[in-house]
Amino acid sequence: MTSVISQALFHPAVSQGLKYGATTLGRDKAYRAIQYFARFLAWYLLTKGDKIEAARWTALKAHLGMARKLMRLGKPLEHLQAALRASISPGPAAETITTVARQIGYFGYLTYDAVVWANSIKLINLTPKTAKRIGKTSFRFWFAGIVFSIVNSVLRTSRLTRETKRLEASKSWGEKDLSEEAARETRLVTLNAARRATRQQFIVDLLDVWIPATGAEILNVSEGLLGIFGLISSLIGVKAQWNTVNGKK
């Protein structure tokens, strides 16, 4: 029995899971996936008339949401730094502008989100009207950040595709061009990796954009769809962070 328990505890999957869970981003992605699954399930149970069970999942969703707000304290400064770095980095003007705008949008979102958290734990006391207005403003910043991210992904994908085609068309032959060919192949690998990362971010943004759009009352998407969209984008994030921590296999 001891041997079986030891084998289970020291299984590579367990070790990888612990390594993943040791990262703040890894835990946040996992909590987010559970949060949006709970959001979907609560909606589904309500449609079936099971209010008691739905209330349990709604409470789980709310508590995970509050926990994630606490974990995000301080992140506005990260996005402000990212905006400053992007503004002084070389690159196409349109991509730079949308990158800076995206980071500023996330800075505003997380700043207002911290105020929402502080009010929810009674650290500060806001009137219901003010609390609702601040929450709505937070969603508006989030929505703006995602929209700029989508535009940036389109611009970046277009540029990377053009560069890839240009490199593929410039293939050289002959032993005297071996060094140039190796450099070209290395550049192609880098471009293809960048295209995959950009495509993944584009998909995540297309899934997530409906959440702040509904929170800001720009659109009115059902809780069920928002739960599904959030769950899928969260699982994409979980997989990406898992590969970063444990290596892609």
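Keep in mind that the numbers below use all heavy atoms, side chains included, and drop hydrogens, waters and symmetry copies.
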Joint cluster assignment, Leu70 & Ile121, ILVMFWY side-chain distance < 4.5 Å: yes

Hydrophobic cluster identity match, Trp117 and Leu60, side-chain contacts under 4.5 Å: no

Quick check: are there more than 12 heavy atoms from other residues, nucleotides or ligands sitting under 6.0 Å from [atom1] of [X]?
X	atom1	value
Ile52	CD1	no
Phe229	CZ	yes
Phe148	CZ	no
Trp210	CH2	no

Flag, side chain of Thr130 to backbone of Leu126, donor-acceptor distance under 3.5 Å: no

Arg27 (side chain) donor-acceptor with Gly21 (main chain) under 3.5 angstrom: yes

Ring centres under 6.0 angstrom apart ([X], [Y]):
X	Y	answer
Trp57	Phe37	yes
Phe141	Tyr112	yes
His79	Phe107	no

Name of the residue among Asp205, Thr99, Thr96, Thr157 meeting side-chain hydrogen bond (donor to acceptor under 3.5 Å, both in side chains) with Asn152: Thr99

[atom1]-[atom2] distance between [X] and [Y], expressed to the nearest 0.5 angstrom:
X	Y	atom1	atom2	value
Ile232	Ile228	CD1	CD1	6.0 Å
Leu41	Leu46	CG	CG	10.0 Å
Thr98	Arg156	OG1	CZ	10.0 Å
Thr24	Lys75	OG1	NZ	9.5 Å
Glu163	Leu167	CD	CG	7.5 Å
Arg187	Arg166	CZ	CZ	9.0 Å

Where at least one partner belongs to residues 229-241, residue pairs that pass side chain to side chain donor-acceptor pair (under 3.5 Å), sequence neighbours excluded: Thr23-Gln241, Arg32-Ser233, Arg32-Ser234, Asp208-Ser233

Trace of the side chain to side chain contact (heavy atoms under 4.5 Å, CB included) decision for Tyr31 with Met71: CA-CA 11 Å; Tyr31 294 161; Met71 293 170 66; 3.8 Å; yes

Side chain to side chain contact (heavy atoms under 4.5 Å, CB included) evaluation trace for Ile146 with Ile150: CA-CA 6 Å; Ile146 293 181; Ile150 290 173; 4.0 Å; yes

Is any side-chain heavy atom of [X] less than 4.5 Å from a side-chain heavy atom of [Y]?
X	Y	result
Lys61	Glu223	yes
Ile134	Asn119	no
Lys136	Arg133	no

Ring geometry between Tyr109 and Trp142 (parallel below 30°, tilted from 30 to 60°, perpendicular above 60°): parallel

Plane angle bin for Trp43 and Phe40 - parallel if under 30°, tilted between 30 and 60°, otherwise perpendicular: tilted

What are the two closest non-hydrogen atoms of [X] and [Y], and how far apart are they?
X	Y	result
Ala42	Thr58	CB-OG1, 3.4 Å
Val238	Ala30	CG2-N, 4.0 Å
Gln35	Gly65	NE2-CA, 3.8 Å

Check against side chain to side chain contact (heavy atoms under 4.5 Å, CB included), Arg159 and Leu155: CA-CA 6 Å; Arg159 176 178 61 81; Leu155 294 171; over 6 Å; no

Stepwise side chain to side chain contact (heavy atoms under 4.5 Å, CB included) check, Tyr36 with Arg39: CA-CA 5 Å; Tyr36 280 98; Arg39 187 171 189 169; 3.5 Å; yes

Test side-chain hydrogen bond (donor to acceptor under 3.5 Å, both in side chains) applied to Arg195 - qualifying residues, sequence neighbours left out: none

Donor + acceptor pair across side chains of Ser158, Arg162 (<3.5 Å): yes

